[in-house]
Amino acid sequence: MTAEKPVPESQDDRYKKIWAVVSSIPEGCVLNYGEVARLAGMPGRARMVGRAIGRAPKKLKLPWFRVVNAQGGISFKKGSAPYTRQRKLLESEGVEFDQDTIDLQRFSPEQAVDRLLWGPDG
DNA sequence: AAGATGACTAACT
DNA sequence: AAGTTAGCCATCT
């Protein structure tokens with residue numbers, strides 16, 4: 001019989017894990033790359049998250065735009081087409097920008113849960 | 001095969 | 001505030 005895979009997770013499995021975390025981000029919320037990596041069980045692999053998102057099949061309809069950098073900003077060059085596209089998608093969901101950054105605490109999935117439990121007024 | 005690159009981040013200067 | 005250094009690791013040249 002064939003033995004089990006010597007490596008429990010292939011790179012494709014890791015990508016799938018990342019995609020699963022990204023697709024779990026609720027509407028109107030954002031997460032930064034490092035957090036997505038942590039939630040996917042790979043702390044410190046922030047760069048891999050950006051890579052995984054870029055390679056995700058369109059078929060998945062991944063909410064890639066809900067992932068921003070640790071400063072609460074969009075990691076594309078400001079003013080570029082991708083930057084504008086991502087920003088509009090976020091704003092259309094109710095995510096507010098202060099200049100060019102988002103309050104990560106306020107728009108975290110954790111806070112979304114609090115709103116459901118306690119209401120928008122806290 | 002070896003070095004550069006990048007949708008990153010945290011720590012330090 | 002802005003630049004540097006170090007850690008990360010799959011991909012690309």
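Letters A, B, ... are given to chains in the order of the sequence lines, protein chains preceding strands, and every chain is numbered from 1.
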Check whether NZ of the Lys or CZ of the Arg A/Arg55 lies under 6.0 Å from the centre of the six-membered ring of A/Tyr15 and within 45 degrees of that ring's axis. no
Establish, from distance only, whether the side-chain atoms of A/Asp13 and A/Ser10 form a donor-acceptor pair under 3.5 Å. yes
If I take atom CZ from residue A/Arg51 and atom CD from residue A/Gln11, how far apart are they, to the nearest 0.5 angstrom? 9.5 Å
Identify every side-chain donor-acceptor pair in residues 56-72 of chain A under 3.5 Å, counting partners at least two apart or on other chains, and give the distances.
| from | atom 1 | to | atom 2 | distance (Å) |
| --- | --- | --- | --- | --- |
| A/Arg66 | NE | A/Glu93 | OE1 | 3.0 |
| A/Arg66 | NE | A/Glu93 | OE2 | 3.3 |
| A/Arg66 | NH1 | A/Ile25 | O | 2.9 |
| A/Arg66 | NH2 | A/Glu93 | OE2 | 2.6 |
| A/Asn69 | OD1 | A/Gln71 | N | 3.0 |
| A/Asn69 | OD1 | A/Gly72 | N | 3.3 |
| A/Asn69 | OD1 | A/Gly73 | N | 2.9 |
| A/Asn69 | ND2 | A/Gly73 | O | 3.3 |
| A/Asn69 | ND2 | A/Ser75 | OG | 3.2 |

Short question: side chain of A/Arg38, backbone of A/Val36 - any donor-acceptor pair under 3.5 Å? no
Distance in angstrom units between A/Leu90 CG and B/dA7 P, rounded: 18 Å
Would you measure the distance from the P atom in C/dC8 across to the matching atom in B/dA1 and give it in whole Å? 23 Å
Atom CG of A/Asn69 and atom P of B/dA7 are separated, to the nearest Å, by 12 Å
Derivation of the side-chain contact (heavy atoms from CB on, under 4.5 Å) call for A/Met42 and A/Ile18: CA-CA 9 Å; A/Met42 322 172 204; A/Ile18 290 169; 3.9 Å; yes
So how far is it from A/Asp121 CG to A/Arg115 CZ, rounded to the nearest 0.5 Å? 11.5 Å
Grab the N/O contacts between the protein and nucleotides 9-13 of chain C below 3.5 Å, and write none if there aren't any.
| from | atom 1 | to | atom 2 | distance (Å) |
| --- | --- | --- | --- | --- |
| C/dC9 | OP1 | A/Arg45 | NE | 2.5 |
| C/dC9 | OP1 | A/Arg45 | NH2 | 2.8 |
| C/dC9 | O2 | A/Arg51 | NH1 | 3.2 |
| C/dA10 | O4' | A/Arg51 | NE | 3.3 |
| C/dA10 | O4' | A/Arg51 | NH2 | 3.1 |
| C/dA10 | O3' | A/Tyr15 | OH | 3.0 |
| C/dT11 | OP1 | A/Tyr15 | OH | 3.0 |
| C/dT11 | OP2 | A/Gln11 | NE2 | 3.2 |

From CZ of A/Phe76 across to C1' of B/dG6 the rounded distance in Å is 12 Å
Scan nucleotides 10-13 of chain B against the protein and return all N/O pairs shorter than 3.5 Å with their distances rounded to 0.1 Å.
none

From A/Gln111 CD over to A/Leu104 CG, what is the distance, rounded to the nearest 0.5 angstrom? 11.5 Å
From CZ of A/Arg38 over to C1' of C/dC8, roughly how many Å is that when rounded to an integer? 14 Å
Given atom CD1 of A/Ile74 and atom P of B/dG6, what is their separation to the nearest angstrom? 19 Å
